[in-house]
Amino acid sequence: MKIAVMPGDGIGPEITAQAVKVLEALKTDGLQVEFEHALIGGAAYRATGVPLPESTVALAQASDAVLFGAVGDFSLDTLPRHLRPEQAILGIRKALNLFANFRPAMVYSELADASTLRPEVVAGLDILIVRELTGDIYFGTPRGHRIAEDGPFKGEREAFDTMRYAETEIRRIAHVAFQAARKRGGKLCSVDKANVLETTQFWRDVVTEVGKEYADVELSHMYVDNCAMQLLKNPKQFDVIVTGNLFGDILSDEASMLTGSIGMLPSASLNESNFGLYEPIHGSAPDIAGKDLANPMATVLSAAMMLRYTFGLEEYASRIEKAVQTVLASGPRTGDIWREGKERTGTSGMGDAIVAALARQ
Ligand SMILES: NC(=O)c1ccc[n+]([C@@H]2O[C@H](COP(=O)([O-])OP(=O)(O)OC[C@H]3O[C@@H](n4cnc5c(N)ncnc54)[C@H](O)[C@@H]3O)[C@@H](O)[C@H]2O)c1
Ligand SMILES: CC(C)[C@H](C(=O)O)[C@@H](O)C(=O)O
Ligand SMILES: [Mg+2]
């Protein structure tokens, strides 16, 4: 199996190196993987003049899965939009049709006290956010800048984006979410802003229609502002949440803090044939980049998701997850999840600790 590794910017290279290290360690136990690296994001822009070179997309297409770090470089934020690092992740999701984004938020018992919420609120939490990833206001057209032609601000500069969803886009993500809920706790909450936005009333209508095919799944609907609040008040009321691209982006960062750190949340972005790109949900964290401070667990757990979802290698996937749990229980910790009484380590040390825990299994 060939894995395309795209480290990207900031902490991207440090964290992907740990996931590769963990996968390499499993090779001695029979896992057959090979890696090929490609430039993406700001790193690709600096080397080639574009954030998503054609060769990078071609490598993804010629591989069995993609392991992605993060993109984003504040010093490139003044570039024209199409050259900015973030266009690379948006572009590759679109190019590979990775419309289904799974963002599980699980609270490992060892980390229940690492959340900023009270332990009893988050202990045992296990929710899955299914985020639509290739539509919505992220990709809708028209978008741009212009001089307002009418209205109270006529003659002024204005900017605009378009929120839009086609029925097919909603149907296919709804099916993915219902099927996920069916395999888990049997509850699906669809999150929208149907009280205000036409696009999301349509979202609610289509999800409700699809729900008729899943009588065994309990479907509910919630407005996104309420959901943001409920996630903090009583997150364990949720099983699977399905939502659009923009709301899913925001709610998943919020959910990450229930788990103790954004450095803990992995993700899988899949197309219809289960081809996937696997990445932590966090960004390039320029504030800690290159300092051996980043928590690599989200990326390592993303590699576990890759083994499970794309390759069907459940045994290796759960071995990685167990190794992570062992390190959380008795190993060293990076600063974001460190607490009194625990040994402190860096990005690379955490990778080594996970490898050592695998070897002891
Ligand atoms: N998928 C992606 O590639 C992706 C996702 C989000 C943001 N970004 C980009 O990343 C850049 C930085 O964005 P931001 O600061 O808003 O979000 P961020 O997720 O990079 O960082 C937010 C905060 O969380 C911390 N953090 C993030 N990951 C961590 C980890 N693994 N371990 C410990 N701490 C961690 C950072 O230090 C920072 O304080 C921007 O250019 C943004 O566009 C990219
Ligand atoms: C970097 C950005 C384009 C991206 C998104 O908004 O999808 C990120 O925030 C994420 O969550 O993967
Ligand atoms: Mg995000």
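Excluded from the calculations below are hydrogen atoms, water molecules and symmetry mates; all remaining heavy atoms, backbone and side chain alike, are included. Counting starts at 1 for both ligands and their atoms, following the listed order.
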[X] atom [atom1], over 12 foreign heavy atoms within 6.0 Å:
X: Gln361; atom1: CD; answer: yes
X: Arg184; atom1: CZ; answer: yes
X: Gln32; atom1: CD; answer: no
X: Glu120; atom1: CD; answer: yes

Find out if a path of hydrophobic residues (ILVMFWY) with successive side-chain heavy-atom gaps under 4.5 Å connects Leu188 to Trp203.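 Yes.
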Cationic tip of Arg131 within the cone over Tyr138's six-membered ring, i.e. under 6.0 Å and within 45° of the normal? yes
A cation-pi test, strictly: NZ or CZ of Arg182 under 6.0 Å from the centre of the six-membered ring of Tyr214 and no more than 45 degrees from its axis. Yes or no? no
Does Asp73 come within less than 4.0 Å of ligand 1, judged by its heavy atoms? yes
Any Ala298 heavy atom less than 4.0 Å to ligand 1: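 No, Ala298 has no heavy atom closer than 4.0 Å to ligand 1.
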Salt bridge or not for [X] and [Y], using N-O below 4.0 Å?
X: Glu86; Y: Arg81; value: no
X: Arg46; Y: Asp73; value: yes
X: Lys27; Y: Glu24; value: yes
X: Arg93; Y: Glu279; value: yes
X: Arg333; Y: Glu343; value: no
X: Lys236; Y: Asp126; value: no
X: Lys2; Y: Asp64; value: no

Tell me whether ligand 2 is touched by Arg131 - counting only heavy atoms on the residue side and a distance under 4.0 Å. yes
At a 4.0 Å cut-off, with the gap strictly under it, does some heavy atom of Arg103 reach an atom of ligand 2?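 Arg103 counts as a contact of ligand 2 under the 4.0 Å cut-off.
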Among all protein non-hydrogen atoms, which one is nearest to [atom], and what is the separation to 0.1 Å?
atom: atom 8 (C) of ligand 2; result: Asp249 OD1, 3.9 Å
atom: atom 26 (N) of ligand 1; result: Ile262 CG2, 3.7 Å
atom: atom 1 (N) of ligand 1; result: Glu279 OE1, 3.0 Å
atom: atom 6 (O) of ligand 2; result: Tyr138 OH, 2.5 Å
atom: atom 18 (P) of ligand 1; result: Gly283 N, 3.5 Å
atom: atom 12 (C) of ligand 1; result: Pro286 CD, 3.5 Å
atom: atom 11 (C) of ligand 1; result: Ser284 OG, 3.2 Å

Any side-chain to backbone donor/acceptor pair from [X] onto [Y]? Under 3.5 Å, distance only.
X: Thr208; Y: Arg204; answer: yes
X: Asn101; Y: Glu132; answer: no
X: Gln87; Y: His82; answer: no
X: Asp136; Y: Asn245; answer: yes
X: Thr48; Y: Val50; answer: yes

When you measure from [atom] to the protein, is at least one non-hydrogen atom found at a distance under 4.0 Å?
atom: atom 14 (P) of ligand 1; value: no
atom: atom 10 (C) of ligand 2; value: yes
atom: atom 23 (C) of ligand 1; value: no

Which is closest to [atom] by heavy-atom distance: [options]?
atom: atom 41 (O) of ligand 1; options: Glu86, Lys291, Met257; value: Glu86
atom: atom 35 (C) of ligand 1; options: Asp249, Leu76, Thr334, Ile288; value: Ile288
atom: atom 4 (C) of ligand 2; options: Glu279, Glu86, Arg93; value: Arg93

Mode of [X] contact toward ligand 1 - side chain, backbone, both, neither (heavy atoms, under 4.0 Å):
X: Asp287; answer: side chain
X: His282; answer: both
X: Pro85; answer: neither

Ligand 1 atoms in contact with [X] (distance to a heavy atom under 4.0 Å):
X: Phe68; result: 3 (O)
X: Ala294; result: 32 (N)
X: Gly72; result: 41 (O)
X: Gly263; result: 30 (C), 31 (N)
X: Phe74; result: 12 (C), 40 (C), 41 (O)

Any nitrogen or oxygen of [X], main chain or side chain, under 3.5 Å from a nitrogen or oxygen of ligand 1?
X: Ala70; result: no
X: Asn295; result: yes
X: Ala285; result: yes
X: Val71; result: yes
X: Ser261; result: no

Ring center gap for Phe160 and His145 short of 6.0 angstrom: no
Inter-residue atom distance Thr199.OG1 - Asp192.CG, 0.5 Å rounding: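 CG of Asp192 is found 10.5 Å from OG1 of Thr199.
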Listed as residue and atom, the protein N/O/S atoms under 2.8 Å from the Mg ion (ligand 3) are Asp249 OD1
